[in-house]
Amino acid sequence: MNPQLKNLIELQAIDSQISELEHGKAAIPKQIESGKAGVKEQKNQLMEAESSLAQLQKERKGLEVDVIAENDHAAKTKVKLSSVKTNKEYSAILVEVDAVKQKILVLEDRELELMEILEEKEKELIPLKASCKEEEESFNVYKLKKEAEAERTEKELEVIRPRRSQAANNLEVKLLEHYTKIFKARDGVVVVPIQENICQGCLQQILPQQVIDVKCGEIIIYCEQCARILYWKETKEDAVPK
Ligand SMILES: [Zn+2]
């Protein structure tokens with residue numbers, strides 16, 4: 001095989017590896033962010049539940065205070081009974097006491113209702129708290145794992161990048177220029193095999209004479225459609241002895 005073609009295949013292999021590693025590494029911060037968003041959502045849910053619980057507890061406390069005040073009101077009103085002079089006054093006080101008692105009943109009903117709701121809400125909070133904690137813990141593990149992955153990838157890149165420079169230096173200047181140009185234009189895919197006479201870069205048919213030349217591997221052959229550099233890749237079928 002033409003040594004320059006061999007170098008080109010190697011450079012492409014290294015570049016593909018680099019771009020795969022870089023893509024993987026670039027995705028990590030977003031993956032961590034999205035994990036963090038999941039935890040935050042759970043926390044918000046818990047906070048909302050806790051705040052609605054606190055609101056109900058406050059309402060219940062308020063009712064307790066109101067009941068005490070109304071009981072006090074009733075007691076004071078009854079005290080007035082001893083000093084009334086007329087039947088009319090007496091009846092008026094009784095009506096007032098009745099009204100207060102009625103009010104207390106309504107308050108106590110609401111209090112009972114609230115207590116039931118509170119009990120229910122407190123029960124609901126338990127699994128919510130547990131899943132929040134679980135989510136946070138598993139996110140922390142995930143984050144550490146992803147950070148280690150980023151570090152590992154960077155180390156791999158540190159090893160590969162000098163190999164990339166070496167492979168590029170091995171190429172003739174003109175070939176490297178063409179490689180670089182197509183690399184930019186064709187999304188990093190420059191050196192491609194042909195399979196069943198098809199360029200694996202643009203999936204167009206290659207002329208029969210070119211296929212022969214590519215198979216031979218002695219000269220650099222460019223795809224006429226996409227200008228990528230073509231090479232012959234032995235398949236299992238080719239390798240079977242006749
Ligand atoms: Zn092509």
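Since this is a predicted model, take the numbers as computed values, not measurements. Order of listing sets the numbers, starting from 1, for every ligand and every atom in it.
The side chain to side chain donor-acceptor pair (under 3.5 Å) analysis of residues 198-212, with sequence neighbours excluded, yields the pairs Q209-D213. Within the structure, side chain to side chain donor-acceptor pair (under 3.5 Å) contacts touching residues 172-181 (residues at least two apart or in different chains) are D15-Y179.
No more than 12 heavy-atom neighbours from other residues, nucleotides or ligands sit within 6.0 angstrom of CE on M47.
K80 has no carboxylate O lying under 4.0 Å from a charged side-chain N of E89, or vice versa, which leaves the two without a salt bridge. Here K43 pairs with E136 in a salt bridge; the nearest charged N to carboxylate O distance falls below 4.0 Å.
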Which atom pairs, donor and acceptor, lie under 3.5 Å between side-chain atoms of residues 23-32 and protein residues at least two apart or in another chain?
{"from": "H23", "atom 1": "ND1", "to": "S19", "atom 2": "O", "distance (Å)": "2.9"}
{"from": "K25", "atom 1": "NZ", "to": "E154", "atom 2": "OE1", "distance (Å)": "2.7"}
{"from": "Q31", "atom 1": "OE1", "to": "K146", "atom 2": "NZ", "distance (Å)": "3.1"}

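The number of protein N, O or S atoms lying under 2.8 Å from the Zn ion (ligand 1) is 4.
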